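Working notes for the structure below.
Just so you know, ligand 1 is whichever comes first in the structure, and atom 1 is the first atom listed for that ligand. Everything quoted here is computed from the prediction, not taken from an experiment.
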Amino acid sequence: MKYGYFDDDKAEYVITRPDTPTSWSNYLGSTVYGAVITNNAGGYGFYKSGAQGRFMRLRFNAVPMDQPGRYFYLRDQEDGDFWSASWQPVGKPLDQYKSECRHGTAYTTITSEYKGIKSETKYYVPLGQNFEYWRLKVTNTSDKVRKIRVFSYCEFSNQWNTTQDQVNLQYSLFIVKGEKVGDNLLRYSIQDNLYIQHPEYEVGGAYMSEWVALIGTPMTGFDTSREAFIGTYGSYEHPKAVVDGACTNSEAFGDNSCGTVQGDLELQPGETKEIMLMLGIDDALAVGQKIVNEFGTFKRADEEFEKLVNNWHAKLGSFKAITPDEDINHTVNVWGLYNCLITFAWSRAASLVYNGERDGLGYRDSVQDILGVSAAIPEEAEERLVRMISGQCQNGGAVPVISKDFNAGHEKAPKPEEFRSDDCEWFFNAVPCYVAESGNFDFYNKVVPYADGGEATVYGHLKRALEFNLERMGADGLPCGLLADWNDCLKLGYHGESLFVAFQLRLGLTTYADISERLGKKDEAAWALKERDTLDANIQKKCWDGKWFIWAVGEDGTVYGTQTIEEGQIYFNTQVWAVMSSAATAEQARICMESVKEKLATPYGLMLCAPPFVKTRSDIMSSVVFLPGIKENAGIFNHTQGWGVIAETMLGNGDRAYEYCKASIPAAYNDKAEIRQSEPYVVGQTTYSTFSKRPGNTRTSWLSGAGTWSYYAITQYMLGIKPQYDGLLIDPCIKHDWDGFTVERRWRKMNLHIEVKNPQHICKGIEYIEVDGKRIDAAVIPVSELKDGSKIVAYMGKDAKSSPVERV
Ligand code: IFM
């Protein structure tokens with residue numbers, strides 16, 4: 001079933017049916033003033049933190065899942081009929097009510113048509129501002145004069161700390177005030193007396209405050225008390241004031257507040273009128289009024305919209321592809337990257353599922369997030385990378401979360417048993433990716449503090465990351481799994497060994513050796529390669545099970561992930577990382593990836609393991625708490641799907657890489673959206689596998705490493721445009737029947753036009769490349785050969801030289 005379509009020219013996804021299987025959401029604003037909004041205008045707003053700064057309320061996991069939100073109610077004053085400018089919350093019958101939602105880059109537009117009245121509402125937050133616009137255009141498409149009364153609605157939190165707001169009601173119901181303070185301005189305050197005593201207080205601390213202004217029509221009424229507007233026995237569907245036909249001009253004094261202004265529009269046949277609501281944080285009189293004075297015209301609002309769109313579209317311009325596959329085009333050109341950028345911004349802290357209780361930057365995920373955004377926002381990627389590196393402790397492990405008030409150099413290191421084994425190994429993916437993207441090789445010499453004191457160059461931090469694991473090896477010479485490796489559910493015991501981390505470490509040692517060579521540190525390179533040899537020998541001695549690599553070794557010596565074990569016989573990550581780290585021999589790589597295909601591939605993606613855990617003790621594998629076929633218990637964990645694609649491209653299997661890619665990218669489900677249920681334009685953390693009763697259903701939209709790795713896998717491995725330190729590698733691995741594809745790539749401030757031709761219909765292999773007409777017999781174009789506007793034509797062919805060493 002289809003609920004919408006991609007409009008890539010506008011970088012929008014257009015939802016043509018509002019009754020989507022789940023609420024399909026989008027993000028507005030920035031990491032300072034952020035918002036979630038759904039196709040039915042549900043959602044919430046937050047200042048700096050989804051959990052600590054939640055000024056606009058959402059009831060998580062309610063029915064529907066996205067209420068309340070940012071609503072306009074429209075009421076026909078002749079007959080009293082009313083509806084909402086988004087299908088919900090009033091929910092008129094869909095044979096009478098038409099609606100379209102366009103989710104764009106940090107804005108959402110919802111149109112409706114009901115009984116001869118059309119409306120269009122556009123929501124956005126201007127760049128760098130702490131307020132939002134809700135712009136409403138109402139058109140009379142009937143042949144008689146219409147009198148339409150408009151009411152806005154949002155629900156402010158009683159306390160911006162979401163737990164206080166939702167749970168500590170004996171306190172939070174008694175601190176809210178709402179009042180009209182100007183002809184068109186409403187003021188909301190929480191703990192107002194503190195502000196009266198201390199007007200210097202910054203908003204978001206002890207004093208929390210919002211304001212609402214109506215522009216373009218007189219405010220003919222208002223309600224700041226939720227109880228007055230909705231009524232004790234009313235609902236969002238039938239708010240008492242709308243049913244009755246008028247606001248009560250209530251001034252909230254305790255209980256709950258709401259953002260309701262009332263305006264009256266008289267429309268001639270064919271006439272359109274526009275009004276807008278402005279809503280922001282901070283004091284209405286000290287701040288809000290000034291913002292209204294400056295930004296409160298339609299002209300200014302138009303200019304702000306244009307700036308916003310240009311800003312986002314410029315980021316999306318870092319990589320544009322035209323391939324024979326539309327789903328891949330939608331993913332690469334708009335939604336894959338937008339998903340990465342939003343995830344980079346919000347980590348795992350604000351969505352319809354993440355309510356922000358895990359605030360801050362989760363260590364391993366945030367390091368990986370850098371891979372997806374380095375091309376689009378290299379400066380921000382660098383800044384984040386430095387912050388993440390400064391989360392490494394002197395012993396080489398990392399703090400689990402970089403919180404908002406993280407103070408590098410002054411943090412307490414976690415207790416020994418609290419370290420994860422994988423955290424800093426992700427540097428070996430993220431740092432070279434950023435350096436190759438930016439060309440800033442000197443980054444390796446940059447001095448960055450350790451979380452718990454002391455400092456080192458980035459290069460020094462990399463060494464400590466390796467040493468952390470080398471100093472914590474188990475009985476078989478493999479890295480200890482510690483509290484967890486990438487898999488949070490793996491409980492091996494402190495001294496149990498993680499093969500996944502062994503592969504990460506191998507990749508890290510290889511990468512470190514390469515960097516050392518380039519820095520002229522030959523001894524360091526030799527050290528790393530010697531350690532790698534030892535590790536390789538240990539891996540080969542213990543970890544090959546004939547058809548695949550084992551999963552891990554428990555503290556008591558139990559080997560997990562073998563053909564003879566009943567549950568969790570085969571584990572996806574150790575197969576793909578055996579290939580990605582080049583630890584597998586060619587034969588092992590071929591065999592283990594065949595096993596992946598046979599045992600783990602489903603039409604909806606690759607399962608994390610199989611069969612699921614049912615009897616395994618939870619102190620060994622805590623994913624047994626999840627139902628079989630979901631999340632880490634043999635579900636399709638979408639974070640890992642890109643790894644399947646990368647591994648197959650590294651082996652030259654373009655057809656299979658394509659198959660895995662298509663099974664997992666959301667866009668491929670657009671015409672059968674009922675399978676995933678969630679948004680066909682963004683990833684979800686997990687998909688129910690064929691071991692479950694609901695194969696294909698996908699959950700926990702938006703904020704997931706799935707976005708990063710799938711975008712990275714498609715752009716840098718499948719399409720194969722991969723920055724190197726001193727050149728640009730063009731080494732695609734595609735479906736054999738593609739004739740080729742084109743890419744516009746921004747790299748080191750140059751705009752490059754790349755065309756790949758595949759006349760012999762092979763999957764992989766570049767014979768030669770022409771750069772502005774000059775032939776280069778290699779797959780890497782030296783940076784000196786490139787200039788802004790360079791035209792590159794890469795020819796694939798059976799006589800290709802072997803591909804250069806891959807760097808993941
Ligand atoms: O790798 C983790 C991630 O850090 C948090 N979500 C679950 C993943 C797999 O366990």
Item to check | Ring center gap for F637 and F572 short of 6.0 angstrom | outcome: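 Not close enough - the centres of the two rings lie 6.0 Å or further apart.
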Next on the checklist: Do the side chains of E497 and K542 get close enough for a salt bridge, i.e. N-O under 4.0 angstrom?
Outcome noted: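 Not counted as a salt bridge, because no side-chain N and carboxylate O are separated by less than 4.0 Å.
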Checklist entry - Would you call R464 and E471 a salt bridge, taking side-chain N to carboxylate O under 4.0 Å as the test? => result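 So R464 pairs with E471 through a salt bridge.
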[atom]: which protein heavy atom is closest, and how many Å away?
{"atom": "atom 5 (C) of ligand 1", "answer": "D488 OD2, 3.3 Å"}
{"atom": "atom 4 (O) of ligand 1", "answer": "R364 NH1, 2.9 Å"}
{"atom": "atom 10 (O) of ligand 1", "answer": "E632 OE2, 2.5 Å"}

Checklist entry - Do the rings of F500 and W486 sit parallel, tilted or perpendicular, given the 30° and 60° boundaries? => result tilted
Item to check | For W486, atoms of ligand 1 separated by under 4.0 Å from a heavy atom | outcome: 1 (O), 2 (C), 8 (C), 9 (C), 10 (O)
Checklist entry - Which atoms from ligand 1 have a heavy atom of D365 less than 4.0 Å away? => result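 Near D365, meaning under 4.0 Å from one of its heavy atoms, ligand 1 has 3 (C), 4 (O), 5 (C).
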Item to check | side chain to side chain contact (heavy atoms under 4.5 Å, CB included) between R54 and N355, worked out | outcome: CA-CA 9 Å; R54 176 95 52 83; N355 67 36; 3.7 Å; yes
